[in-house]
Amino acid sequence: MTLNNETRKRFFDAAFLAKTRAYCPVSNYSVGSALLIENGDMVLGCNVENVVHSPAICAERSAFASAISQGYNRSDFKAIAVVGKEGDYTYPCGVCRQVIQEMNPFMDIYIVKNREEYRLTNNKELLPHAFSL
């Protein structure tokens, strides 16, 4: 899915906004994501940590959970943008890659360094031997 410059700017801006909402007292590593929906809506997600690590949730999974709870379906998900450490590329963790596989394995994944620099990838590249039922 090719995004025009205006849509891509709004998409990346949404991910950067989500990053400012992260709750990360343990790692101090904020991550934000924006999930682009078929109709042009964007659902935000951010990492939410806990002193006990297992209850933590990554930004990508946060966005998917929020979208599902708002009534969107897997077929509505077209792309996801992920932003992390300023000036660096932050890729989805292994768990998030598996969730992307289930939500929409064909969606575009934008790994955003800043508002101008990004890498466009997909889950086939990130998780070539994904588990599937």
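One is the number of the first residue; the rest follow in order along the sequence. Values below: all heavy atoms of this structure, side chains included; hydrogens, waters and symmetry mates excluded.
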Would you confirm whether [X], through its side chain, and [Y], through its main-chain N or O, come within 3.5 Å as a donor-acceptor pair?
X: Glu49; Y: Ser27; value: yes
X: Gln98; Y: Phe131; value: yes
X: Asn47; Y: Val31; value: yes
X: Ser33; Y: Ala59; value: yes
X: Asn50; Y: Val52; value: yes
X: Thr7; Y: Leu3; value: no
X: Glu60; Y: Cys96; value: no
X: Asn73; Y: Asp76; value: no

Quick one: are [X] and [Y] in side-chain contact, heavy atoms under 4.5 Å?
X: Asp88; Y: Lys113; answer: no
X: Thr121; Y: Ile111; answer: yes
X: Asn122; Y: Phe106; answer: no

Kindly work out whether a path of hydrophobic side-chain contacts (I/L/V/M/F/W/Y, heavy atoms less than 4.5 Å apart) joins [X] to [Y].
X: Val82; Y: Tyr29; result: yes
X: Phe16; Y: Phe11; result: yes
X: Val83; Y: Phe12; result: yes
X: Val99; Y: Leu127; result: no
X: Val112; Y: Leu120; result: yes

With side-chain contact (heavy atoms from CB on, under 4.5 Å) as the criterion, how do Ile109 and Asn123 come out once you've worked through the C-alpha distance, each side chain's angles and the decisive distance to 0.1 Å? CA-CA 7 Å; Ile109 303 169; Asn123 217 41; 4.0 Å; yes
Evaluate the criterion side-chain contact (heavy atoms from CB on, under 4.5 Å) for residue pair Asn104 and Arg74; output intermediate values, then yes/no. CA-CA 6 Å; Asn104 182 346; Arg74 297 177 343 173; 5.6 Å; no
Can a side-chain donor-acceptor contact be found between Tyr110 and Arg8 if the only test is distance below 3.5 angstrom?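 Side chains of Arg8 and Tyr110: no pair found under 3.5 Å.
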Looking only at side-chain N and O atoms, does Ser132 offer a donor or acceptor that is under 3.5 Å from a partner on Gln101?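 Per modelled atom types, Gln101 and Ser132 side chains form no pair under 3.5 Å.
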Salt bridge (Lys or Arg N to Asp or Glu O under 4.0 Å): which pairs involve residues 11-25, sequence neighbours left out?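 Only Lys9-Asp13, Asp13-Arg115 qualify under salt bridge (Lys or Arg N to Asp or Glu O under 4.0 Å).
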Pairs where residues 57-83 contributes a residue and the test ring-ring contact (aromatic ring centres under 6.0 Å, His included) is met, not counting sequence neighbours: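 As it turns out, the ring-ring contact (aromatic ring centres under 6.0 Å, His included) pairs with a partner in residues 57-83, which skip direct neighbours, are Phe64-Phe77.
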For [X] and [Y], which heavy atoms make the closest approach, and how far apart are they?
X: Val43; Y: Ala63; answer: CG1-O, 3.6 Å
X: Ala18; Y: Leu44; answer: CB-CB, 3.9 Å
X: Cys93; Y: Cys58; answer: SG-SG, 3.8 Å

Within this structure, what is the [atom1]-[atom2] distance for the pair [X] and [Y], rounded to the nearest 0.5 Å?
X: Lys78; Y: Leu36; atom1: NZ; atom2: CG; value: 9.5 Å
X: Ile80; Y: Ile100; atom1: CD1; atom2: CD1; value: 5.5 Å
X: Gln70; Y: Leu35; atom1: CD; atom2: CG; value: 9.5 Å

Counting only heavy atoms from other residues, nucleotides and ligands, does the tally under 6.0 Å from CD of Glu117 exceed 12?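 Yes - once you tally the heavy atoms of other residues, nucleotides and ligands closer than 6.0 Å, there are more than 12.
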Other residues, nucleotides and ligands only: do more than 12 of their heavy atoms fall within 6.0 Å of CD on Glu6?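 At most 12 heavy atoms, drawn from other residues, nucleotides or ligands, come within 6.0 Å of this atom.
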